[in-house]
Amino acid sequence: MFDGKRNKKSGILVVNLPSVNCSRFTSAYGYQEKRLIYPDINSWTDINEREAFKILYPHLPERIIDNLAAPNVNISVVPWERLSPDKLNFLVDAAFDGRSRCQFDLSRPMKKRNG
């Protein structure tokens with residue numbers, strides 16, 4: 001999310017590894033993403049509140065949660081089990097293409113260490 005002289009603004013994609021044990025997902029890139037990665041899902045619910053994202057993804061860093069709830073930010077959250085090379089390629093390209101349009105919420109300090 002950082003946009004500096006050396007490290008330019010990046011697109012963000014969250015991939016939940018199997019060890020996280022979370023099968024929830026968020027589709028930020030519209031119909032094409034839904035058709036490609038979630039063809040078996042027929043009903044979608046819009047979530048915009050931070051607390052709802054916190055309940056869905058208790059393992060994610062607070063800064064990611066802030067931005068999932070931000071109005072002008074696109075971040076997809078996908079379970080590892082849903083990925084294949086072509087699906088991952090689509091998601092990485094979508095995140096890269098949309099990075100300049102995202103207005104990330106950078107108010108929360110960046111973590112200096114994982115853990």
Side-chain angles (χ1 to χ4, degrees):
M1 288 179 256
F2 182 75
D3 190 12
K5 290 179 182 178
R6 189 176 255 194
N7 295 316
K8 295 296 179 187
K9 186 187 277 188
S10 299
I12 305 297
L13 169 63
V14 175
V15 177
N16 281 323
L17 299 177
S19 60
V20 173
N21 197 26
C22 179
S23 60
R24 305 287 183 147
F25 47 87
T26 297
S27 175
Y29 299 105
Y31 177 74
Q32 191 175 2
E33 177 182 359
K34 291 175 182 177
R35 191 186 78 226
L36 177 65
I37 300 171
Y38 310 103
D40 55 316
I41 305 298
N42 296 319
S43 178
W44 291 86
T45 302
D46 287 334
I47 298 173
N48 300 312
E49 296 81 31
R50 186 187 190 289
E51 287 309 310
F53 282 112
K54 185 72 179 153
I55 291 167
L56 286 175
Y57 307 117
H59 59 283
L60 290 181
E62 296 293 330
R63 196 167 180 172
I64 294 290
I65 297 292
D66 292 344
N67 283 282
L68 283 169
N72 296 313
V73 175
N74 293 328
I75 299 176
S76 285
V77 180
V78 61
W80 176 264
E81 297 80 15
R82 292 266 182 175
L83 290 178
S84 65
D86 61 319
K87 293 173 183 178
L88 182 59
N89 188 51
F90 169 82
L91 289 168
V92 169
D93 285 348
F96 178 81
D97 291 344
R99 73 193 186 286
S100 62
R101 293 184 300 275
C102 288
Q103 296 174 6
F104 294 119
D105 176 354
L106 304 177
S107 61
R108 192 177 299 272
M110 285 185 2
K111 287 178 76 173
K112 301 286 184 195
R113 300 177 135 188
N114 291 331

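Worth knowing before you read on, the calculation uses all heavy atoms, side chains too, and leaves out hydrogens, waters and symmetry mates. The chain is numbered in sequence order, starting from 1.
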Item to complete: Go through the steps for Val78 and Leu13 under the test side chain to side chain contact (heavy atoms under 4.5 Å, CB included), then give the verdict.
Response: CA-CA 8 Å; Val78 61; Leu13 169 63; 4.2 Å; yes
Item to complete: Could you pull out all residues at least two apart from Ser84 that satisfy side chain to side chain donor-acceptor pair (under 3.5 Å)?
Response: Asp86
Fill in: Pairwise side-chain contact, Tyr57 with Ile64, heavy-atom cut-off 4.5 Å (strictly under)
no
Worksheet item: Hey, does the side chain of Ser76 reach the backbone of Ala28 with a donor-acceptor pair shorter than 3.5 angstrom?
Response: yes
Worksheet item: Do Val77 and Asn16 touch side chain to side chain, with heavy atoms closer than 4.5 Å?
Response: yes
Item to complete: Under 4.5 Å between side-chain heavy atoms, chaining through other members, with only Ile, Leu, Val, Met, Phe, Trp and Tyr counted: pull out the rest of the cluster around Phe96, sorted by chain and number.
Response: none
Discussion item. Is there a path of hydrophobic side-chain contacts, each under 4.5 Å between heavy atoms of I/L/V/M/F/W/Y residues, joining Leu17 to Val92?
Written reply: yes
Worksheet item: Of Asn67, Ile75, Leu68, which is the lone residue that meets side-chain contact (heavy atoms from CB on, under 4.5 Å) with Phe53?
Response: Leu68
Worksheet entry | Cluster check Phe25, Leu91: I/L/V/M/F/W/Y, side chain < 4.5 angstrom | yes
Item to complete: Might you work through the side chain to side chain contact (heavy atoms under 4.5 Å, CB included) test for Lys54 and Glu62, ending with a clear yes or no?
Response: CA-CA 8 Å; Lys54 185 72 179 153; Glu62 296 293 330; 2.7 Å; yes
Worksheet item: Do other residues, nucleotides or ligands put more than 12 heavy atoms under 6.0 Å from Arg24 CZ?
Response: no
Enumerate donor-acceptor pairs with a distance under 3.5 Å from any side-chain N or O in residues 34-48 to protein atoms, sequence neighbours excluded.
unit_1 : atom_1 : unit_2 : atom_2 : d
Asp40  : OD1    : Arg82  : NH1    : 2.7
Asp40  : OD2    : Arg82  : NH2    : 3.1

Discussion item. Could you report the tightest heavy-atom contact between Asp66 and Arg108, atom names first, then the distance?
Written reply: OD2-NE, 2.7 Å
Discussion item. Starting from Trp80, can I reach Phe90 by hopping between I/L/V/M/F/W/Y residues whose side chains sit under 4.5 Å apart?
Written reply: yes
Worksheet item: Where is the tightest heavy-atom contact between Cys102 and Asn74, given as atom of each residue plus distance?
Response: SG-N, 3.5 Å
Worksheet item: For the hydrophobic clusters of this structure (ILVMFWY residues joined by side-chain heavy atoms under 4.5 Å, transitively), does one cluster hold both Val73 and Ile65?
Response: yes
Item to complete: Please name the pair of heavy atoms, one in Pro79 and one in Cys22, separated by the smallest distance, quoted to 0.1 Å.
Response: CB-O, 4.2 Å
